[in-house]
Amino acid sequence: MSGSVSSDTAGWRSLSGVPLLAGLPDERLRVLWEVSRPGEHPVGQVLCRAGDPATYLVLLLRGRVSATATTRAGRVVRHGEWDGPCALDKVALIDGGAHPATLTAVTPCAVRNLRRDRFLGLVDDAASVRRHVLRVLAGQARASQERFVAAATLPAEARLASWLLGEAAEHGVVTLPGGQEELAALLGVTRVTLNRALSRLRRDGLLTVTRGTVTLLAPELLERRAHG
């Protein structure tokens with residue numbers, strides 16, 4: 001793990017915002033805060049690399065990270081982006097395998113690095129924690145399956161519409177991750193195909209695109225496009 005050691009002004013209570021730790025009693029959160037190692041990562045810094053042993057659970061408190069992997073043919077596959085607060089690479093930590101992707105800071109990030117044995121000890125000691133972790137992992141597995149089906153069966157326009165709806169904040173504005181080329185890789189299409197899909201949705205009055213930012217004008221109609 002890289003990153004300089006620093007204190008986090010939010011304190012141990014910030015851990016309660018991590019879905020994996022939500023609902024833990026205050027005394028357990030305090031202990032996790034004390035035994036975890038703080039760190040800060042500037043934009044572009046790697047938090048962990050694909051293939052490295054998952055010896056720490058990375059608790060992202062603030063910021064956004066991207067996950068990428070490189071195939072044997074040299075193609076860079078973009079898995080997605082995550083915003084804090086959240087826990088990263090939970091499955092790799094639990095099964096004792098390697099990190100499946102390289103995590104890179106997209107914005108300045110504040111993290112806590114919790115040793116694998118500390119986290120597993122927490123899960124083993126409390127049945128309520130174990131049930132909560134299983135629920136979180138099951139929910140994420142279900143979401144991953146749904147995204148896989150969408151990527152394999154839906155046309156590019158539907159994939160794009162679905163992604164935009166999922167990323168849109170309450171005010172309906174989405175920032176494209178790294179531009180159209182990276183978004184195309186994330187959706188599993190070519191940049192040309194993505195550009196055509198964006199152009200169709202813009203032409204139909206469902207959104208506007210300005211300097212890498214998409215504004216949704218008709219989310220209810222975009223929802224229909226998301227179903228192909």
Side-chain angles (χ1 to χ4, degrees), residues 18-20 50 60 63-92 99-107 109 134-228:
V18 178
L20 190 68
L60 178 64
R64 168 175 284 206
V65 302
S66 66
T68 58
T70 303
T71 67
R72 292 182 178 179
R75 179 191 174 197
V76 177
V77 179
R78 187 181 183 85
H79 294 294
E81 294 189 351
W82 285 265
D83 291 301
C86 66
L88 303 171
D89 274 4
K90 298 175 289 297
V91 173
H99 290 290
T102 296
L103 302 179
T104 306
V106 178
T107 66
C109 295
L134 289 174
R135 282 195 299 270
V136 171
L137 293 178
Q140 292 179 346
R142 183 183 295 275
S144 296
Q145 290 175 340
E146 292 173 351
R147 286 194 298 270
F148 176 80
V149 171
T153 61
L154 292 179
E157 186 176 302
R159 297 185 209 179
L160 174 60
S162 178
W163 183 85
L164 289 171
L165 289 168
E167 291 292 315
E170 293 182 359
H171 51 285
V173 178
V174 179
T175 300
L176 299 182
Q180 293 189 20
E181 187 169 351
E182 292 196 23
L183 178 57
L186 178 62
L187 297 179
V189 299
T190 66
R191 182 175 180 177
V192 172
T193 299
L194 173 66
N195 188 267
R196 289 173 179 169
L198 273 172
S199 297
R200 283 194 297 269
L201 295 176
R202 181 172 51 192
R203 180 194 61 207
D204 294 344
L206 303 186
L207 52 80
T208 59
V209 182
T210 306
R211 295 180 182 178
T213 299
V214 177
T215 301
L216 307 189
L217 302 178
E220 67 285 353
L221 297 180
L222 197 62
E223 180 72 36
R224 295 177 66 89
R225 298 290 182 94
H227 293 289

Show the nearest heavy-atom pair for residues [X] and [Y], with the distance to one decimal.
| X | Y | result |
| --- | --- | --- |
| L165 | P219 | CD2-O, 3.9 Å |
| A101 | D89 | O-OD2, 4.5 Å |
| P19 | C86 | CD-CA, 4.1 Å |
| L103 | A67 | CD2-CB, 3.7 Å |
| L20 | K90 | CD2-CD, 3.5 Å |

Partner residues of [X] under the side-chain hydrogen bond (donor to acceptor under 3.5 Å, both in side chains) criterion, sequence neighbours left out:
| X | result |
| --- | --- |
| R191 | none |
| T175 | none |
| T193 | T190 |

**Asked** Does L201 reach the side chain of V209, with side-chain heavy atoms less than 4.5 Å apart?
**Response** no
For S66, the side-chain contact (heavy atoms from CB on, under 4.5 Å) test, sequence neighbours excluded, returns R78, E81, T104, V106
Sequence neighbours excluded, the answer for side-chain contact (heavy atoms from CB on, under 4.5 Å) partners of S199 is N195, R202
Taking A161's backbone N and O only, do any of them form a donor-acceptor pair with R225's side chain (distance below 3.5 Å, no angle check)? no
Are any side-chain N or O atoms of T107 and backbone N or O atoms of R64, one a donor and one an acceptor, separated by less than 3.5 Å? yes
State the [atom1]-[atom2] distance between [X] and [Y], to the nearest 0.5 angstrom.
| X | Y | atom1 | atom2 | result |
| --- | --- | --- | --- | --- |
| L217 | L222 | CG | CG | 9.5 Å |
| L198 | L164 | CG | CG | 7.0 Å |
| L194 | L160 | CG | CG | 6.0 Å |

By salt bridge (Lys or Arg N to Asp or Glu O under 4.0 Å), R200 pairs with (sequence neighbours left out) E157
Exercise for review: Please lay out, stage by stage, how T210 and T215 fare under the test side-chain contact (heavy atoms from CB on, under 4.5 Å).
Suggested key: CA-CA 8 Å; T210 306; T215 301; over 6 Å; no
